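Below is one structure, written out as structure tokens; comments come after it.
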2 protein chains.
Amino acid sequence: MQAIASAQEPAVRPRRKVEQILAAAGRLFREHGYAMTSMDAVAQEADVSKATLYVYYAGKRELFAAVIADEGDQRSRVLITGEDGAEDFRAKLMRFGHAIQDLLIAPETVSSYRMVVGEAGRLPDLGRLYYDNGAGRLLGRLEQFFASAMEGGKLRASDARRAAEQFVGLVRGDLMLRALLGVDERVTAQQRDSVVRAGVDTFYRAYRVDREATPE
Amino acid sequence: MQAIASAQEPAVRPRRKVEQILAAAGRLFREHGYAMTSMDAVAQEADVSKATLYVYYAGKRELFAAVIADEGDQRSRVLITGEDGAEDFRAKLMRFGHAIQDLLIAPETVSSYRMVVGEAGRLPDLGRLYYDNGAGRLLGRLEQFFASAMEGGKLRASDARRAAEQFVGLVRGDLMLRALLGVDERVTAQQRDSVVRAGVDTFYRAYRVDREATPE
DNA sequence: GTCTATAAAGGGATAGAC
DNA sequence: GTCTATCCCTTTATAGAC
């Protein structure tokens with residue numbers, strides 16, 4: 001019944017298994033959460049025996065930590081590019097706004113956040129790691145962009161970091177919280193666009209350079 | 001060893017036990033999350049036998065649902081009062097901003113949100129209930145306040161609901177997300193005030209009535 | 001209604017063969 | 001390195017006495 005392994009392959013591709021395990025664990029942790037995911041299930045999903053899991057990871061917590069660390073790297077890949085000078089500044093804000101909002105309410109982001117938030121009370125180090133790799137990086141890039149814009153006279157000079165936080169908060173609206181809580185079945189493109197448009201509008205009204213004042 | 005109950009009290013205060021159970025379950029679920037809280041622990045914390053739990057609640061999920069429903073009612077009690085005409089409008093915004101922010105990053109709110117968010121994927125109805133009773137109510141009251149303010153010429157006329165969402169987003173900053181992820185050990189009053197101040201400033205710049213235009 | 005005691009199942013982790 | 005089989009503990013849920 002069982003396939004007879006030839007003696008030729010005792011240690012077959014050592015890298016492969018780890019990736020299978022990490023991917024399988026990620027899927028299950030995101031979908032069912034930490035506590036509700038069993039090592040049995042991970043082993044089955046990864047098509048590996050349970051004992052093999054414990055060869056690569058000391059325990060369930062370590063496996064979870066590895067998933068989070070891997071997760072953080074893959075998030076926050078949003079295109080904040082200062083180039084493309086031909087583009088209208090407001091149009092650029094709209095583009096960034098949409099990109100950021102799309103990322104924040106994407107199903108993968110949501111299930112990812114749920115997984116981490118649910119355990120953040122018990123594993124604060126992982127929460128911090130996740131924030132730094134995700135929202136932290138995004139805010140950093142946005143801050144740089146706004147700093148340049150302020151220097152270039154596109155925006156009123158002020159705290160660029162604060163501006164970045166506010167911009168994210170404005171285009172996020174309460175859509176992310178609603179997504180985290182599973183409030184909406186589906187959010188239409190129109191709703192999303194409306195939030196971004198209003199957010200950019202508010203942001204720009206507050207940060208645009210006054211035509212009259214500031215004659216330094 | 002055990003106290004001998006007099007025959008006078010077979011069904012002692014039927015209401016009492018339920019409250020004990022609900023309170024104990026709430027504490028444990030908030031602290032340890034759904035999956036990591038055992039019915040044994042709840043029974044012990046509530047000073048009740050495990051069998052008694054199952055008299056009042058069909059199972060663990062039902063108990064959790066009861067906790068969430070109870071929880072939602074108690075949140076969102078923030079004082080948004082339109083009266084007090086003597087107060088400067090910006091000062092009022094600052095007061096509301098602080099009250100809202102305080103609520104959002106309060107430890108009870110954070111552990112509460114963690115508990116619900118962590119399970120929202122499996123129990124979407126509870127997530128919606130929680131949102132409606134919490135953030136939903138808050139936004140509703142704030143919307144009313146802004147609508148009055150717009151009508152009274154204190155703010156530029158526009159979508160009051162959207163303004164409410166943006167106001168909350170601005171005074172929240174990313175403090176709540178950081179709190180949910182356990183990023184900061186402690187947030188100083190100075191940091192909090194700084195976020196509120198900047199948020200109100202941005203909000204007011206965007207929504208104040210232009211001195212020159214709008215001569216309808 | 002409330003308790004003690006226990007059934008029934010599932011989970012994390014490991015021993016030992018190959 | 002990888003597997004099968006298993007240990008041992010915890011968990012949900014219930015039976016039965018009072």
Side-chain angles (χ1 to χ4, degrees), chain A residues 1-29 31-67 115 118-119 122-123, chain B residues 1-25 28-29 31-67 115 118-119 122-123:
Chain A
M1 209 51 114
Q2 290 162 283
I4 299 162
S6 93
Q8 232 72 333
E9 36 180 17
V12 205
R13 283 166 247 163
R15 189 58 186 275
R16 187 65 179 261
K17 299 260 174 178
V18 180
E19 288 164 9
Q20 284 176 15
I21 293 172
L22 218 53
R27 277 195 298 277
L28 294 176
F29 281 140
E31 186 167 1
H32 305 293
Y34 176 77
M36 304 276 278
T37 298
S38 72
M39 293 297 264
D40 268 294
V42 173
Q44 192 168 4
E45 175 92 3
D47 203 35
V48 169
S49 87
K50 205 164 32 153
T52 303
L53 296 186
Y54 287 90
V55 171
Y56 293 103
Y57 302 97
K60 193 180 178 181
R61 291 180 93 84
E62 285 76 8
L63 176 56
F64 187 67
V67 167
M115 167 182 78
E119 299 303 318
R122 268 84 65 195
L123 307 165
Chain B
M1 211 51 117
Q2 290 162 286
I4 299 163
S6 92
Q8 234 72 333
E9 38 180 19
V12 205
R13 284 165 247 163
R15 191 59 186 275
R16 188 65 179 262
K17 298 259 174 179
V18 180
E19 287 164 9
Q20 283 177 18
I21 294 172
L22 219 51
L28 294 176
F29 281 139
E31 185 167 0
H32 306 293
Y34 176 77
M36 305 277 279
T37 298
S38 73
M39 293 297 262
D40 268 296
V42 174
Q44 192 168 4
E45 175 92 3
D47 201 35
V48 168
S49 88
K50 206 165 30 152
T52 302
L53 295 186
Y54 286 90
V55 171
Y56 293 103
Y57 302 98
K60 193 180 178 181
R61 289 180 93 83
E62 285 77 7
L63 176 56
F64 187 68
V67 168
M115 167 181 78
E119 299 303 318
R122 269 84 66 194
L123 308 165

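Convention: sequence-line order gives letters A, B, ...; per-chain numbering from 1. Bear in mind the structure is a predicted one, so any value in this text is a computation, not a measurement.
- Between Asp47(A) atom CG and Lys17(A) atom NZ the span is 7.0 Å, to the nearest 0.5 Å.
- A search for side-chain hydrogen bond (donor to acceptor under 3.5 Å, both in side chains) contacts involving Arg27(A) returns Glu45(A), not counting sequence neighbours.
- Applying the side chain to side chain contact (heavy atoms under 4.5 Å, CB included) test to Ala51(B) and every residue at least two apart in sequence or in another chain returns Ser49(B).
- Between Ser49(A) and dC3(D), a side-chain N or O to OP1/OP2 separation shorter than 4.0 Å is present.
- Between Gln44(B) atom CD and dT4(C) atom C1' the separation is 15 Å, expressed in whole Å.
- Shown here are the side chain to side chain contact (heavy atoms under 4.5 Å, CB included) partners of Phe64(B), two or more places apart in sequence or in another chain: Phe29(B), Tyr34(B), Ile68(B), Met115(B), Glu119(B), Leu123(B), Leu126(B).
- Taking atom CZ of residue Arg16(A) and atom P of nucleotide dT2(D), one finds them 12 Å apart after rounding to whole Å.
- Residues passing the salt bridge (charged side-chain N to carboxylate O under 4.0 Å, His left out) test with Glu62(A), sequence neighbours excluded: none.
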Under 3.5 Å between N/O atoms: give me all the protein pairs with nucleotides 8-12 of chain C, atom names plus distance.
| from | atom 1 | to | atom 2 | distance (Å) |
| --- | --- | --- | --- | --- |
| dG12(C) | OP1 | Thr37(A) | O | 3.4 |
| dG12(C) | OP1 | Lys60(A) | NZ | 2.8 |
| dG12(C) | OP2 | Met39(A) | N | 2.6 |
| dG12(C) | N7 | Lys50(A) | NZ | 3.4 |

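- Atoms CD (Gln20(A)) and P (dG1(D)) sit 15 Å apart, rounded to a whole Å.
- Straight-line distance from the CG atom of Leu63(B) to the P atom of dT11(D): 15 Å, rounded to whole Å.
- Scanning for salt bridge (charged side-chain N to carboxylate O under 4.0 Å, His left out) contacts around Lys50(B) gives Asp40(B), with sequence neighbours left out.
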